Amino acid sequence: MNNEELNKNKIIKSVNKMITDKNIVRSYIKGNMSIQEVKEKGIKLAKPL
């Protein structure tokens, strides 16, 4: 039971981080944030081919 609780907490933390990262990238695409601010948040964007 305790292991299930820990896994549930890890999943919740991961989903929250994904949502936060998504919102940051969305702000960058809209022009509300600079690339430097995105990098400071720990997000690395892929380089296009």
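Since the structure is predicted, the reported quantities are computational estimates derived from the model, not experimental observations.
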Next on the checklist: Applying side-chain contact (heavy atoms from CB on, under 4.5 Å), can you list everything that pairs with I19, at least two apart in sequence or on another chain?
Outcome noted: V15, N23

Checklist outcome for this item: Applying side-chain contact (heavy atoms from CB on, under 4.5 Å) to N16 and not counting sequence neighbours gives I12

Checklist entry - Is M33 isolated, or which residues cluster with it under the ILVMFWY side-chain rule of less than 4.5 Å, directly or via members? => result I24, V25, Y28, I29, I35, V38, I43, L45

Next on the checklist: Give me each pair satisfying salt bridge (charged side-chain N to carboxylate O under 4.0 Å, His left out) with a member in residues 19-28, each pair once, sequence neighbours excluded.
Outcome noted: K17-D21

Item to check | Sequence neighbours excluded - side chain to side chain donor-acceptor pair (under 3.5 Å) pairs with any residue from residues 32-42 | outcome: none

Checklist outcome for this item: Residue set satisfying side-chain contact (heavy atoms from CB on, under 4.5 Å) with S14, at least two apart, ordered chain then number -> none

